[in-house]
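Only one structure is covered here, and it is reproduced in the block below.
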Amino acid sequence: MYDILVVGAGTAGLSAGIYGVRQNKSVLVLEANIYGGQIINTPDIENYPGIAHTSGFDFAMGLYQQAVGLGVEYRQARVTSIEDAGDHKVAVLEDGERIASRTIILATGAKNRPLGLEHEEEWVGKGISYCATCDGMFYRKKVVAVNGGGNTALEDAEFLSNIVKKVYVIHRRDQFRGEAARVEKLRARENVEFVLNSNITALLGQDRLEAIEVTDKVSGEKRMIELDGLFVAIGQMPENMIFSNVVGLDQGGYIIAGEDCRTNVEGIFAAGDTRTKTVRQLATAASDGAVAALAAVSYIQDKEMSA
Ligand SMILES: Cc1cc2nc3c(=O)[nH]c(=O)nc-3n(C[C@H](O)[C@H](O)[C@H](O)COP(=O)(O)OP(=O)(O)OC[C@H]3O[C@@H](n4cnc5c(N)ncnc54)[C@H](O)[C@@H]3O)c2cc1C
């Protein structure tokens, strides 16, 4: 029986591990792929407080080594379901193994919805980004496009229009899902051009993104736009359905939990990108990891006192 079982070894999960072991608790972190999470392939991180510049790989490696060095137990294993057995919780692995723990922290992150085009994965960090807050500054005074029609896409376009030469906003419909006021604000900007009713149908370049092919859905006409960067903002996909029989999810599939990281089930916490929140970044994931681990510790202590 572990004190804290963490599902996911991204920034939130490993931070939770660090805070858990430093409270003298036994912590097991289970990771389906490789430790590090979403950030692992990013070449440049420049907004993590205290680290002026690092790569996603170095960042993830540092976090992993720190966690394991402090005594966090790490295993590569995919959790396929969790169970609430009242005084303890159970994580069930792909091969059927069951691991019991007093508390569980779900830190399973989220994936950016991809366009599904050739070269997309290969050119992440080479002209393709899913995060304007993270990578916008690398495109200062350059030409970029934002793809999407929700508030995230509109916010990204607004933010980018302050620092880049030109922003194309490419959306598959003629109306935006995002707030009308944001759309109007963007329309008023001289360096923003809307390309509506249009899909990106090809990513073009040699070793990096140099242009995109955009197809008008109404006329079928194709247009090539030369640019330095493309920000894909067509949504995120948390993978939490496997937990939906135990914890509450919102419509987008995020685990419902506030800044205290508590879910609707006592002893089960959610940390990082996987929970309902507005800012999904490394700093907020690390912060959630700390909050969730300390909440788990205090839950354990309360249980011990009342036993
Ligand atoms: C390309 C890119 C660049 C970015 N750049 C920056 C940046 O410069 N600065 C910044 O602040 N933020 C950046 N971000 C955002 C940042 O990476 C995320 O906010 C952060 O990684 C969230 O951490 P997390 O631990 O919540 O989730 P994740 O990093 O997504 O980690 C979740 C982990 O859980 C694992 N997992 C999922 N389901 C299971 C399961 N069932 N069983 C076991 N394991 C499971 C996953 O494999 C994954 O390793 C970037 C994101 C991307 C995609």
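Here the structure is a predicted model, which means the values were calculated and not measured. Every number for a ligand or one of its atoms is a count from 1 in the order of the listing.
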Starting from [atom], find the nearest protein heavy-atom neighbour and note its residue, name and distance.
atom                    : result
atom 35 (C) of ligand 1 : Glu31 OE1, 3.3 Å
atom 1 (C) of ligand 1  : Thr42 OG1, 3.7 Å
atom 23 (O) of ligand 1 : Ala285 CB, 3.6 Å
atom 39 (C) of ligand 1 : Thr108 CG2, 3.7 Å
atom 41 (N) of ligand 1 : Val79 O, 2.9 Å
atom 31 (O) of ligand 1 : Gly10 CA, 3.4 Å
atom 27 (O) of ligand 1 : Gly109 CA, 3.2 Å
atom 34 (O) of ligand 1 : Gly8 CA, 3.2 Å

Number the atoms of ligand 1 from 1 as they appear, then name those within less than 4.0 Å of a heavy atom of [X], with their elements.
X      : answer
Ala110 : 30 (O)
Ala107 : 32 (C), 33 (C), 34 (O)
Ala77  : 43 (C)
Leu30  : 43 (C), 44 (N)
Asn112 : 53 (C)
Gly272 : 26 (O)

Could you tell me whether the side chain of [X] and the main chain of [Y] form a donor-acceptor pair under 3.5 Å?
X      : Y      : answer
Lys217 : Arg172 : yes
Tyr19  : Ala292 : no
Asp84  : Lys89  : no
Ser15  : Gly13  : no

Check this for me - ligand 1, [X], N or O atoms closer than 3.5 angstrom, yes or no?
X      : answer
Thr11  : yes
Asn33  : yes
Ala271 : no

Is it the side chain, the backbone, both or neither of [X] that has a heavy atom closer than 4.0 Å to ligand 1?
X      : answer
Asp273 : both
Ser129 : neither
Val7   : side chain
Ile242 : side chain
Asp288 : neither

- Message: Please compare Arg280, Gln38, Gln76 and report which has the shortest non-hydrogen distance to atom 29 (O) of ligand 1.
- Response: Gln38
- Query: Hey, looking at atom 5 (N) of ligand 1, which of Gly36, Gly125, Cys134 has the closest heavy atom?
  - Reply: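 The option holding the nearest heavy atom is Cys134.
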I need the [X] [atom1] to [Y] [atom2] distance, nearest 0.5 Å.
X      : Y      : atom1 : atom2 : answer
Ile255 : Asp250 : CD1   : CG    : 10.0 Å
Tyr64  : Leu14  : OH    : CG    : 9.0 Å
His171 : Leu154 : NE2   : CG    : 8.5 Å
Phe194 : Arg187 : CZ    : CZ    : 5.0 Å
Arg223 : Tyr168 : CZ    : OH    : 5.5 Å

- Item | Residue pair Arg189 / Asn162, side-chain donor-acceptor N/O under 3.5 Å | yes
- Going by atom types alone, do Asp44 and Ser55 pair a side-chain donor with an acceptor below 3.5 Å?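 Judged by distance alone, the side chains do not pair up.
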- Item | Salt-bridge present (Asp288, Arg275; N to O < 4.0 Å) |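 Looking at Asp288 and Arg275, the cut-off is met.
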- Look at Glu83 together with Arg98 and state whether they make a salt bridge at an N to O cut-off of under 4.0 Å.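 Yes.
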- Query: Does Gly289 come within less than 4.0 angstrom of ligand 1, counting non-hydrogen atoms of the residue?
  - Reply: no
- Report yes or no: does a heavy atom of Arg78 sit under 4.0 Å from some atom of ligand 1? yes
- Item | Face-on cation placement of Arg280 at Tyr254 ring, 6.0 Å and 45° thresholds |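 Yes, Arg280 sits over the ring of Tyr254.
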- Message: For Arg22, I'd like to know if atom CZ has over 12 heavy atoms of other residues, nucleotides or ligands within 6.0 Å.
- Response: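 Not buried by this count: 12 neighbours or fewer within 6.0 Å.
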